[in-house]
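Predicted model only: the values in this text are computed from it and were never measured.
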Amino acid sequence: MHTKIELDYCGRPLCIDLGKVAGQADGAALVRFGETVVLATAVASKDVREDIDFFPLTVDYQEKTFAAGRIPGGFFKREGRPSEKEILTCRLIDRSVRPLFAGGLKAETQIIVTVLSADGENDTDVVSMFAASLAVEISDIPFQGPLAGVRVGRIDGEWVMNPLLSEIPQSDVNIFLSGTRDGIVMVEGGASMVPEEGVLEALFKGHEAIQPLIDLQQKLKDQLGKTKRVPPPEEKDESLAARVRELAQDKVKEAVTIADKKERNARISEVGGEVMTAGSEEFPGREKEVKGAFKDLEKFQLRDLVLQQRKRIDGRGLKDVRPITCEVGLLPRTHGSGLFTRGETQGLVVATLGTAADVQRVDALNGEQFKKFMLHYNFPPYSTGEVKFLRSPGRREIGHGALAERALLAVLPEEDEFPYTLRVVAEILSSNGSTSMASVCGGSLSLMDAGVPIKAPVAGIAMGLIKEGDEVRVLTDILGDEDHLGDMDFKVAGTRDGITALQMDIKITGVTREIMQEALYQAREGRLHILDIMDATLSEARQDVSRHAPRITTIKVRPDKIRDIIGPGGKVIRGIVEATGTKIDVQDDGTVTVAAVDEAGSRRAIDMIEGIAAEVEIGRIYKGTVRRVMDFGAFVEILPGTDGLVHISQIADDHVRRVRDVLNEGDELMVKVLDVDRQGKIRLSRKEALKEEQQSERV
């Protein structure tokens, strides 16, 4: 049945079209917000996979360039591999919906969101989240929604829900969150060093703003939704679980307190092997259930340790941060480097300074964009002691890199103060929790080591939560196992003054404002502790950039001089670059940047450019070169690309019968500027210059 609904949301029309397109999908929603249109579909296989112990969900988000009236760039005129923006939006949707699917569902399930129209003002992320949830809600796929998302901004002190894309640069908060009726599920965003209370207010203002969309989805589900499938119940044999506890409880309880990750995993694996051997004899054919019961026991023991004893796997208290060491300047030829080690997590982060020619050009949906700051995160398999093929960055690497990039972006200097293109690369050397936050800390150190005048050092920390009923424990600086077996992963980065980035995934309901507040302020304590240690290593940027980094000098010339600097077909500027070994970038407004590692080459290039751009002064004497000899006079170049005429009557006091009797091409001579007319034609005099030279000699 075709149903169309239109309403006002955040001052703009929101239109929902159901039953019109994609009829073969289990659920489909065509949603329009302003002039941005997305199609979301949800399909679950009718076959159930019995061989797996996880929910096989795939989420895809794709932007069609026709949506913005564009044709893809490059040789292949069709969409190819996902862009970073598409990957990041995939992650937003996936992290939001995955915890809400019914337990026991083992059917291959896929959500595809396609952007069909983009107006360049209304955020596709917000529409996509709503459409994806709605498509699943009206399908027969079991789902514990509905869910909706909102982007929260604050402009001139006023909260703005779903700001236009053109308004976001004016906002000191840019947070995207998703949630259900009962609570927040996922958060991703940044801020301009905003204090914790401001961020907390943003989160709950956002949760309040999504309630009308949740009400609307519930109404549509009741009216149009299909009968939900009933996944087979996950039956657990209590006698089997009891036998596993009997075999392994004490051993697991001892194993989860081993501080060293490799030793702990080895011991747990050893105990698990013993349980599987005994279990396969006592419960033949039920090895999968035995394995599941052992995993449940491991999870229980870890959580019980925190809840009942207020102790951690590695013996720390709930608020304790692992031991930290920091080093800078490790790599002699890089522009800046920092090694940040926190417990068994270690990141080597390197900063590189480039020129305007190194700016990343992004072929985005709404046109070409430029990035002058990039942070790339790499997670090699040896960091977890594994063997895997090295491949191009996956969704995890892209997501972690974007989070760390956002954390540092807020403290970078303005372009007119520091006109460099910056690239930071985080190489994770060892991983046991919160490698993205190690990238933030190491990135801050490497930028300062490179001489980048950041506004303030930035540190990041990962928080966790374990909650059973009314018992709540907030954990500072979580390990990988605490992330995996806990109820919340909450990453916070910022300076001493406030938050610059945050990311949160909540696996349970019932996380109140009070719990969130406790987590935020506990994270601040941990962040300040880390900043104290970082400051002891390097508290501010070095006074000068690395001697291996290019020196960038910016000069301004008249815009009409740009063509002279570039020359026909770029001949002049290429000649300067080849002669001086520099990189030169010329902007339309007359801004010229010269970059060179060699200071002498930089000075020479600047002198050449200033010579070309120099203005001719009436009455001034110049040393020139004869370029052309005519019957009526000679054309003399007094500045690069600037000629003037010495009329035959101005060559000498005596009568000159033929110009070539006195001057020839290539001759150098002193000339005085007599006049510059409205057309820019320059009159020169050799005889006046000679007179002044003679008078000077007499004096």
Side-chain angles (χ1 to χ4, degrees), residues 49-57 98-99 103-106 232-309 311-316 322 343-345 379 381-388 396 430-435 464-468 473 475 478-489 507-508:
R49 292 184 56 180
E50 300 291 349
D51 59 324
I52 58 175
D53 58 357
F54 61 91
F55 173 44
L57 172 68
R98 189 176 292 273
L105 185 63
K106 298 296 190 295
E234 291 187 290
E235 297 180 357
K236 293 186 178 181
D237 185 338
E238 183 52 40
S239 62
L240 183 149
R243 178 57 179 151
V244 169
R245 288 195 297 271
E246 182 183 343
L247 288 168
Q249 182 161 315
D250 291 340
K251 294 178 181 179
V252 171
K253 190 174 183 179
E254 170 268 329
V256 297
T257 61
I258 298 174
D260 183 87
K261 177 183 176 181
K262 292 179 70 174
E263 292 181 15
R264 180 173 64 254
N265 289 345
R267 178 55 179 154
I268 290 174
S269 179
E270 181 184 353
V271 175
E274 295 172 0
V275 170
M276 291 301 296
T277 300
S280 60
E281 294 176 0
E282 296 183 37
F283 305 97
R286 301 174 65 184
E287 288 80 4
K288 186 177 174 182
E289 292 179 64
V290 174
K291 183 179 179 180
F294 182 76
K295 287 294 182 184
D296 289 343
L297 175 61
E298 180 188 351
K299 179 177 181 179
F300 169 80
Q301 290 297 342
L302 184 147
R303 293 170 64 88
D304 187 67
L305 182 70
V306 173
L307 288 168
Q308 303 305 322
Q309 301 181 41
K311 288 178 61 178
R312 313 275 290 276
I313 294 175
D314 53 4
R316 283 181 292 149
R322 288 171 287 174
E344 295 175 302
T345 292
F379 191 79
Y382 64 76
S383 66
T384 54
E386 297 176 287
V387 178
K388 293 180 181 177
R396 183 182 188 276
S430 178
S431 172
N432 188 11
S434 191
T435 53
L465 175 73
I466 292 182
K467 182 178 183 295
E468 294 286 351
R473 303 288 183 266
L475 311 180
I478 58 174
L479 302 172
D481 287 342
E482 292 171 333
D483 179 5
H484 176 64
L485 300 175
D487 298 321
M488 179 178 76
D489 176 19
K507 307 170 190 176
I508 59 170

Identify the heavy atoms of Thr435 and Ser430 that sit nearest to each other, and give their distance.
CG2-O, 4.4 Å

What are the two closest non-hydrogen atoms of Ser434 and Thr345, and how far apart are they?
O-CG2, 4.1 Å

Could you report the tightest heavy-atom contact between Ala293 and Leu240, atom names first, then the distance?
CB-CD2, 3.8 Å

Main chain of Leu305, side chain of Arg312: is a donor-acceptor contact present, judged purely on distance under 3.5 Å?
no

Tightest non-hydrogen contact, residues Leu485 and Arg303, listed as O-NH1, 3.1 Å

Nearest 0.5 Å, what's the CG-CG distance between Leu465 and Leu475?
7.5 Å

Partners of Arg243 by salt bridge (Lys or Arg N to Asp or Glu O under 4.0 Å), sequence neighbours excluded?
Glu246, Glu282

Quick one: closest heavy-atom pair of Ile478 and Glu482, and the distance?
CA-OE1, 3.3 Å

Flag yes if more than 12 heavy atoms outside Lys295 fall under 6.0 Å of its NZ atom; otherwise flag no.
no

Lys291 side chain to Met276 main-chain N or O, any donor-acceptor pair under 3.5 Å?
no

More than 12 heavy atoms from other groups under 6.0 Å of NZ on Lys262
no

On a heavy-atom basis, the closest approach of Gly486 and Ile466 is CA-CG1, 4.2 Å

Are Asp260 and Glu344 close enough that some pair of their side-chain heavy atoms sits under 4.5 Å apart?
yes

Closer than 3.5 angstrom, by distance alone: can the side chain of Lys261 be matched with the main-chain N or O of Thr384 as a donor-acceptor pair?
no

Give a yes or no on whether the backbone of Asn265 and the side-chain of Ser269 come within a donor-acceptor separation of less than 3.5 Å.
no

State, yes or no, whether a side-chain contact exists between Leu479 and Arg322 at a heavy-atom distance under 4.5 Å.
yes

Who pairs with Phe379 by ring pair (Phe, Tyr, Trp, His ring centres under 6.0 Å), at least two apart in sequence or on another chain?
none

If you measure from the Lys or Arg side-chain nitrogens to the Asp or Glu carboxylate oxygens, is any gap between Arg264 and Asp314 under 4.0 Å?
no

Residues passing the side chain to side chain contact (heavy atoms under 4.5 Å, CB included) test with Phe300, sequence neighbours excluded, are Asp304

Donor-acceptor check, side chain of Arg473 to backbone of Leu307, threshold 3.5 angstrom: yes or no?
yes

Among all residues two or more places apart in sequence or in another chain, which pass the salt bridge (Lys or Arg N to Asp or Glu O under 4.0 Å) test with Glu289?
Arg286

Calculate, to the nearest 0.5 Å, the distance between atoms CG and CG belonging to Asp483 and Asn432 respectively.
10.5 Å

Does Arg98 use its side chain to pair, donor to acceptor, with the backbone of Leu57 at less than 3.5 Å?
yes

Between the CZ atom in Phe294 and the CD atom in Glu287, the distance rounded to the nearest 0.5 Å is 15.5 Å

Test side-chain contact (heavy atoms from CB on, under 4.5 Å), reference Val275, set Leu297, Val290, Val252, output is Val290

Determine yes or no for a side-chain-to-main-chain donor-acceptor pair under 3.5 angstrom, with Asp487 supplying the side chain and Lys507 the backbone.
no

To the nearest 0.5 Å, what is the distance between CZ on Arg49 and NZ on Lys106?
11.0 Å

Hits for salt bridge (Lys or Arg N to Asp or Glu O under 4.0 Å) against Glu281, two or more places apart or cross-chain, chain-then-number order -> none

The salt bridge (Lys or Arg N to Asp or Glu O under 4.0 Å) partners of Glu254 (sequence neighbours excluded) come to Arg267

